[in-house]
Amino acid sequence: MKIENIPQYEDLNLVTTEIRERCKDLILDDDTLREIQRRFLDNIKRGLGKDTHEEAIIKCFVTYVQNLPSGEESGKFLALDLGGTNFRVLLIELSQNHFEMKSKIFAIPQHIMLGSGERLFDHIADCLYKFMKEENIVDEVLPLGFTFSFPLIQKSLTTGILKRWTKGFNCSNVVGHDVVQLLLDAIDRRGDIKISVMAILNDSTGTLMSCAWLNHNCRIGLIVGTGSNACYVEKQKNAELFDGEDLGSGNVLINTEWGAFGDDGALNFVRTCYDEEIDKNSVNPGKQLHEKMISGMYMGELARLVLEKLTKEGLLFGGKGSDILFTRGSFYTKYVSEIESDRPGTYSNCIEILEELGLKHATEQDYINVRFICECVSRRAAHLVSAAVAGLLNKMGEKKVTIGIDGSVYRYHPHFHNLMMEKIGHLTEPGIVYDLMLSEDGSGRGAALVAAVACRHPR
Ligand code: BGC
């Protein structure tokens with residue numbers, strides 16, 4: 001287990017006392033994290049239970065994926081990946097522990113993210129057609145894996161009913177419908193291509209599969225990106241809603257949809273006024289409260305809200321803010337990573353960002369304070385994720401587990417990995433050995449792998 005230089009708060013002693021005082025609520029100590037973990041596991045159990053599932057906040061959806069890849073998977077697959085502001089189409093060729101991939105990214109404009117479901121799926125089918133044409137495969141009928149990274153109630157490997165939209169999407173007439181059918185309908189409306197959908201899956205499931213293909217200890221797939229979620233290997237007997245036939249492993253992957261944790265108030269004891277503000281201004285108020293404390297869609301705005309408040313209280317920038325700083329969404333999540341990437345004692349990224357925000361008058365004391373505020377927000381996210389991951393590790397009780405992880409926050413934040421490695425260690429039972437492995441392109445390769453494993457076990 002590698003934990004290189006556990007990141008402490010830089011310049012802690014130099015941070016203004018009032019700023020430290022005002023940021024206290026953003027710092028969660030280990031006892032608080034243990035309490036969060038206890039509540040989290042209680043929610044997981046309710047999600048898995050037959051009698052408690054209906055009311056449960058963390059849904060623990062059964063994915064119908066039972067077997068992890070063996071490394072022997074082979075063939076040519078299409079994959080679709082919808083889950084953030086972009087949509088990707090991929091063509092993947094798998095052969096023994098080797099793969100080749102071609103892919104194309106298409107933007108999903110805001111008016112489609114908030115428009116009708118029919119328009120969204122027409123757009124997806126259109127992108128798929130364009131890609132197949134470019135790759136000269138319009139006449140082939142390839143097995144396809146569809147990574148659809150929103151909460152889905154699965155009835156089988158190829159049926160997924162949308163429970164709710166997250167991450168800024170809000171298309172009409174999709175919630176309550178089978179998204180595989182909506183895709184097939186859109187393809188039918190065009191009539192110029194054919195596909196064979198082998199599986200629909202979540203990006204956390206894809207991440208687990210993609211990581212397990214290379215590392216046989218992988219049992220958890222994690223996303224800390226625009227949104228946040230985890231998938232893990234559960235025993236079929238504990239997944240009381242699983243109604244499939246055991247294909248031999250006795251296990252089934254569970255898509256926890258942990259982003260919804262706290263929607264019943266379970267996290268109110270640690271939520272701050274900034275979290276309330278974020279929620280109020282979102283397209284889904286009252287929903288995905290855990291995700292809103294963690295993920296990339298909200299992290300920059302959380303930091304901005306702290307900066308705005310403390311500026312108005314006269315504690316930053318001599319009490320003089322700027323129109324940009326006071327504009328919602330102007331402080332990107334990547335700024336948090338960039339500011340924390342400045343070497344100790346230096347502030348070049350911070351200075352550049354503050355200038356962009358119209359805060360040329362910031363002083364060195366402000367740089368120190370701004371970095372501290374970013375650290376408080378990102379560390380809280382890393383610690384909340386760690387409490388939940390450690391909860392899953394404790395629940396699974398396996399001695400050696402690799403966690404496959406993907407997402408922009410994990411990838412680009414300079415300390416997220418080390419923060420998690422350290423904190424998971426504080427919150428797991430003694431004797432559990434774990435590792436965090438960056439999963440390369442879980443949504444794409446994972447979709448091909450789920451499709452490939454499904455081809456091996458036709459229903
Ligand atoms: C969605 C999950 C997804 C996660 C990461 C959340 O908003 O509900 O299904 O796995 O984002 O993309």
Side-chain angles (χ1 to χ4, degrees), residues 43-44 47 56-65 79-88 108 113-114 145-154 160-171 174-176 179-180 199-211 220-232 253-263 278-279 282-299 301 333 381 384-385 388-389 392 403-413 416 438-439 441-447 450:
N43 273 263
I44 289 279
I57 299 294
I58 303 185
K59 283 295 180 194
C60 286
F61 291 120
V62 169
T63 64
Y64 291 87
V65 178
L80 303 180
D81 174 18
L82 180 75
T85 40
N86 288 326
F87 167 68
R88 285 188 318 156
I108 305 261
M113 282 169 76
L114 299 173
F146 186 9
T147 303
F148 188 85
S149 305
F150 302 94
L152 286 180
I153 304 168
Q154 290 203 233
I161 295 162
L162 182 64
K163 172 80 182 161
R164 65 158 72 146
W165 285 113
T166 60
K167 296 178 286 197
F169 274 73
N170 206 359
C171 302
V174 187
V175 171
V179 294
V180 173
I200 179 137
L201 61 143
N202 187 259
D203 52 352
S204 58
T205 308
T207 297
L208 203 176
M209 292 294 277
S210 162
C211 181
I220 297 179
L222 201 67
I223 306 285
V224 193
T226 309
S228 179
N229 193 12
C231 179
Y232 74 103
L253 305 198
I254 297 293
N255 168 17
T256 62
E257 286 295 339
W258 78 17
F261 181 32
D263 291 6
I278 287 271
D279 183 45
S282 66
V283 297
N284 53 350
K287 303 274 188 276
Q288 301 292 104
L289 298 186
H290 186 235
E291 173 163 279
K292 285 173 182 161
M293 297 173 87
I294 292 172
S295 75
M297 177 136 185
Y298 311 98
M299 189 183 282
E301 178 63 4
T333 296
L384 283 167
V385 172
V389 168
L392 292 179
I403 299 143
I405 174 163
D406 202 353
S408 48
V409 172
Y410 176 80
R411 256 173 205 271
Y412 301 123
H413 187 280
F416 220 82
L438 178 70
S439 166
D441 198 21
S443 317
R445 193 170 62 194
V450 175

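Values below: every heavy atom of this structure, side chains too, minus hydrogens, waters and symmetry copies. Remember, predicted model here, so these are calculated numbers, not experimental data. When a ligand or atom number is given, it counts from 1 through the structure's own listing order.
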Main-chain N/O of [Y] paired with [X] side-chain donor or acceptor, under 3.5 Å:
| X | Y | answer |
| --- | --- | --- |
| Asn229 | Glu257 | yes |
| Lys292 | Ser282 | no |
| Gln154 | Gly160 | no |
| Thr207 | Gly442 | no |
| Ser295 | Thr226 | yes |

Quiz prompt | Under 4.0 Å from ligand 1, counting heavy atoms only: the protein residues, by chain and number | solution = Ser149, Phe150, Pro151, Thr166, Lys167, Asn202, Asp203, Ile223, Gly227, Ser228, Asn229, Glu257, Gln288, Glu291

Quiz item: Taking the inter-plane angle between the rings of Phe416 and Tyr410 on a 0 to 90° scale, is it parallel (under 30°), tilted (30 to 60°) or perpendicular (over 60°)?
Solution: perpendicular

